[in-house]
Q: 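I have a structure I would like to understand better, so I am pasting it below and will then ask my questions one at a time.
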Amino acid sequence: MRYVEFDETRPMDLILLGRVAIDFNPSEDEPFGPLENVRTFKKYVGGSPANIAVGVTRHGLKAGFLGKVSDDKFGKFVVDFFNKEGIDTSHITKCTNGEKLGLTFTEMLSEKESSILMYRNCIADLQLSVDDIDEDYIKQSKAILISGTALAESPSREAALKAVMLAKKNDTKIIFDIDYREYNWKSEDEISIYYSMVAREADIIMGSREEFDLTEKLIQPGRTDEETAAAWHAYNAKIVVIKHGMKGSTAYTIDGQNFSIKPFPVNARKGFGGGDGYGSAFLYGIYQGWEVIDCLEFGSAEASMMVRSNSCSEELPNPQQVKDFIKETKEKYGEMIARV
Ligand SMILES: Nc1ncnc2c1ncn2[C@@H]1O[C@H](COP(=O)(O)OP(=O)(O)OP(=O)(O)O)[C@@H](O)[C@H]1O
Ligand SMILES: O=C(O)C[C@@H](O)[C@H](O)C(=O)CO
């Protein structure tokens, strides 16, 4: 059953708006351990919406990125990487006041423990401004994905809200990936104000329980998952995905059904990137018109593939690789390994 009807005449499938940054992850041959002991890092494109842009493109969707990069070699690295992947970069603009791309150093302590050290002063991605938001571009796409981090500060906050308004006006579906990152936010009240503004307009909302708690802080704290889903269905959402980390995740659909999935077992390299693999594969399934449970299974599988890999972008798989992974894992652990 299709819960979101896309305008199939549009040339672009998805525009992703928000953060692009550079990840420096310990190289593959570095053992687990504290950041200060790491001698060699590998450089990757990073930032959740950037990773999802790569993920959906590798699945064959036509994606474009709406964001701001630094006017330097790292900005060039990001745009070159996107171009090589086949992502439309026509609406990526360069900062004019020397702002720099964020740098993220990932600490991989053990299979269960990792953290990130961010360099995000004078940050490029949050310089996206209302002048960068072009109605004709938004009109060309079936949907736009708003990453919650883009709402953390002005001028990016207004840019993201303008994109939501124009998407609404032009029937471009809105996907809200709450994508909470604590840096750059100044108060929990602000988080609740701006997250809820976008959640009210969104057709699909994806987030963890903690992220929905932040969204709902000023509305009704302490909701259950069922109450959360019903509240956003009462606005515009057709699908609300609530993630509970290793306990699994559930998609609540507008017709009152829910579908749950568990993570596929893997040896994790890091805790990051799972959400981006999940989003890429889940959305791919939605665009294919798959049943929601199949979208969730694909999402969960790709999430597992990404937590076991060293990067959050470079190792994103294509659909055949996800299918092979699901098949191999089911052969090893049994058919219903992830479906609840
Ligand atoms: N150790 C793990 N093994 C297998 N799958 C995992 C593991 N950790 C996370 N996942 C998968 O990744 C999905 C998303 O993880 P998480 O809930 O941490 O999301 P997130 O915070 O959005 O991630 P990200 O850091 O990529 O933004 C989970 O729902 C789960 O399916
Ligand atoms: O930007 C982050 O918060 C972490 C990055 O290292 C990573 O690329 C990511 O965004 C995972 O979601």
Side-chain angles (χ1 to χ4, degrees), residues 16 18-26 41-55 67 78 81 101-108 110-120 123-126 147-150 152 176-185 205-212 214 241-251 260-282 295-316 322 325-326 329 333 337-340:
L16 298 103
R19 152 174 127 262
V20 56
I22 314 264
D23 288 351
F24 287 96
N25 293 358
F41 290 91
K42 264 179 103 166
K43 169 169 121 288
Y44 305 102
V45 165
S48 177
N51 297 335
I52 299 178
V54 176
V78 164
F81 182 78
L101 279 183
L103 305 182
T104 309
F105 294 85
T106 307
E107 180 175 60
M108 299 166 172
S110 73
E111 275 209 30
K112 292 200 165 58
E113 229 187 321
S114 52
S115 63
I116 44 181
L117 173 62
M118 303 287 307
Y119 286 75
R120 275 184 73 77
I123 189 71
D125 56 82
L126 292 176
S147 157
T149 310
F176 183 35
D177 184 2
I178 303 180
D179 185 34
Y180 173 65
R181 294 288 186 270
E182 67 178 355
Y183 40 73
N184 299 106
W185 282 104
I205 312 176
M206 304 188 290
S208 65
R209 181 64 257 170
E210 297 72 32
E211 289 174 331
F212 279 100
L214 286 165
V241 178
I242 307 182
K243 295 183 254 178
H244 284 269
M246 286 306 286
K247 292 202 194 105
S249 55
T250 300
S260 294
I261 201 84
K262 287 191 195 141
F264 282 75
V266 282
N267 295 323
R269 171 75 170 148
K270 60 184 182 346
F272 304 99
D276 304 336
Y278 189 107
S280 304
F282 176 78
C295 302
L296 285 176
E297 184 176 75
F298 225 59
S300 177
E302 187 162 326
S304 295
M305 293 173 83
M306 290 316 293
V307 295
R308 79 174 176 183
S309 69
N310 210 60
S311 74
C312 295
S313 55
E314 214 162 276
E315 286 141 295
L316 280 157
V322 183
F325 172 82
I326 293 175
T329 314
Y333 294 99
I337 174 76
R339 292 179 185 230
V340 178

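Note that ligands are numbered from 1 as they come in the structure, with each ligand's atoms numbered from 1 the same way. Start at 1 with the first residue, then count along the sequence.
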Q: Would you say ligand 1 has an N or O under 3.5 Å from any N or O of V307?
A: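 By distance alone, the answer is no.
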Q: Heavy-atom contact under 4.0 Å between R181 and ligand 1?
A: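 The answer is yes, since R181 has a heavy atom less than 4.0 Å from ligand 1.
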Q: Short list, please: which atoms of ligand 2 are under 4.0 Å from a heavy atom of I116?
A: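 Listed by number with element, the hits are 3 (O), 4 (C).
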Q: Between I22, D23, D177, V20, which one has a non-hydrogen atom sitting closest to atom 5 (C) of ligand 2?
A: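 Result: the heavy atom closest to atom 5 (C) of ligand 2 is in D23.
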Q: Suppose we measure from atom 22 (O) of ligand 1 to each protein heavy atom; which comes out shortest, and what is that distance?
A: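 That would be K243 NZ, 3.3 Å.
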Q: Quick one: look up the protein heavy atom nearest atom 3 (O) of ligand 2 and list residue, atom name and how far away it is.
A: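 Its nearest protein heavy-atom neighbour is R181 NE, 2.4 Å.
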Q: Taking a cutoff of less than 4.0 Å between a non-hydrogen atom of the residue and any ligand atom, is S249 in contact with ligand 1?
A: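 Checking ligand 1 against S249, which is what was asked, there is no heavy-atom contact under 4.0 Å.
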Q: Contact between ligand 1 and F264 is defined here as a heavy atom of the residue under 4.0 Å from a ligand atom; is it met?
A: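 Right, F264 reaches ligand 1.
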Q: Among E314, M108, K43, whose side-chain contact (heavy atoms from CB on, under 4.5 Å) with N25 holds?
A: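 Exactly one candidate clears the test, M108.
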Q: Do R269 and N310 have side-chain atoms, one donor and one acceptor, less than 3.5 Å apart?
A: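 A donor-acceptor contact under 3.5 Å links the two side chains.
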Q: Run the numbers on F325 and F264 for ring pair (Phe, Tyr, Trp, His ring centres under 6.0 Å), then give the verdict.
A: CA-CA 10 Å; F325 172 82; F264 282 75; 5.8 Å; yes
Q: Heavy atoms only: which of H244, M246, K112 lies closest to atom 1 (N) of ligand 1?
A: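 Going through H244, M246, K112 one by one, M246 has the nearest heavy atom to atom 1 (N) of ligand 1.
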Q: Which part of I261 is near ligand 1, with near meaning a heavy atom under 4.0 Å away: side chain, backbone, both or neither?
A: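 For I261, there is no contact with ligand 1 at all, from either part.
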Q: Examine ligand 1 and decide if any of its atoms is less than 4.0 Å from a heavy atom belonging to S304.
A: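 Per 4.0 Å heavy-atom rule, S304 contacts ligand 1.
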Q: Please determine if K42 forms a cation-pi arrangement with F24, meaning its NZ or CZ atom is less than 6.0 Å from the six-membered ring centre and no more than 45° off the ring axis.
A: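 No.
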Q: When you look at OH of Y119, are more than 12 heavy atoms from neighbouring residues, nucleotides or ligands closer to it than 6.0 Å?
A: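 At most 12 heavy atoms, drawn from other residues, nucleotides or ligands, come within 6.0 Å of this atom.
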Q: Which of the atoms of ligand 1 are close to A303, meaning less than 4.0 Å from one of its heavy atoms?
A: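 Per the distance check, 11 (C), 12 (O), 13 (C), 31 (O).
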Q: Looking at NE2 of H244 and OG of S208, how far apart are the two atoms once the value is rounded to the nearest 0.5 Å?
A: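 Between atom NE2 of H244 and atom OG of S208 there are 8.5 Å.
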Q: Purely on distance, is any nitrogen or oxygen of G274 under 3.5 Å from one on ligand 1?
A: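 Yes: some nitrogen or oxygen of G274 is under 3.5 Å from one in ligand 1.
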Q: For residues F41 and F105, establish whether the separation of their ring centroids is below 6.0 Å.
A: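 Close enough - the centres of the two rings lie under 6.0 Å apart.
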Q: Taking N or O atoms only and a 3.5 Å limit, does T104 qualify as a polar contact for ligand 2?
A: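 No; the residue has no nitrogen or oxygen that sits under 3.5 Å from a nitrogen or oxygen of the ligand.
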Q: Answer with yes or no whether G275 contacts ligand 2, where contact means a heavy atom under 4.0 Å from a ligand atom.
A: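 For ligand 2, residue contact (heavy atoms, under 4.0 Å) with G275 is absent.
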Q: Suppose I only count heavy atoms of G273 and a 4.0 Å limit; which atoms of ligand 1 are within that range?
A: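 Matching atoms, with element in brackets: 24 (P), 25 (O), 26 (O).
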Q: Under 4.0 Å from any heavy atom of G46, which atoms of ligand 2 are there?
A: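 Those of ligand 2 that fall under 4.0 Å from G46 are 8 (O).
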Q: Ligand 2 and D276, any nitrogen or oxygen pair closer than 3.5 angstrom?
A: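 In this structure, D276 places an N or O atom under 3.5 Å from an N or O of ligand 2.
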Q: Which of the atoms of ligand 2 are close to C312, meaning less than 4.0 Å from one of its heavy atoms?
A: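 Near C312, the atoms of ligand 2 are 7 (C), 8 (O).
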Q: Got the closest protein heavy atom to atom 2 (C) of ligand 2, with its distance?
A: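 Heavy-atom neighbour on the protein nearest atom 2 (C) of ligand 2: R19 NH2, 3.1 Å.
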Q: In this structure, does ligand 2 have an atom that sits under 4.0 Å from one of the heavy atoms of F24?
A: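 It does not; every heavy atom stays at 4.0 Å or beyond.
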Q: So which bit of N51 gets within less than 4.0 Å of ligand 2, heavy atoms only: side chain, backbone, both or neither?
A: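 Side chain only; the backbone of N51 stays clear of ligand 2.
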Q: Just heavy atoms, cut-off under 4.0 Å: does Y278 contact ligand 2 by side chain, backbone, both, or neither?
A: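 Answer for Y278: neither.
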Q: What protein heavy atom sits nearest atom 20 (P) of ligand 1, and how far off is it?
A: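 That would be G275 CA, 3.9 Å.
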Q: Say whether S208 and ligand 1 are in contact under the criterion: heavy-atom distance to a ligand atom below 4.0 Å.
A: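 No heavy atom of S208 comes that close to ligand 1.
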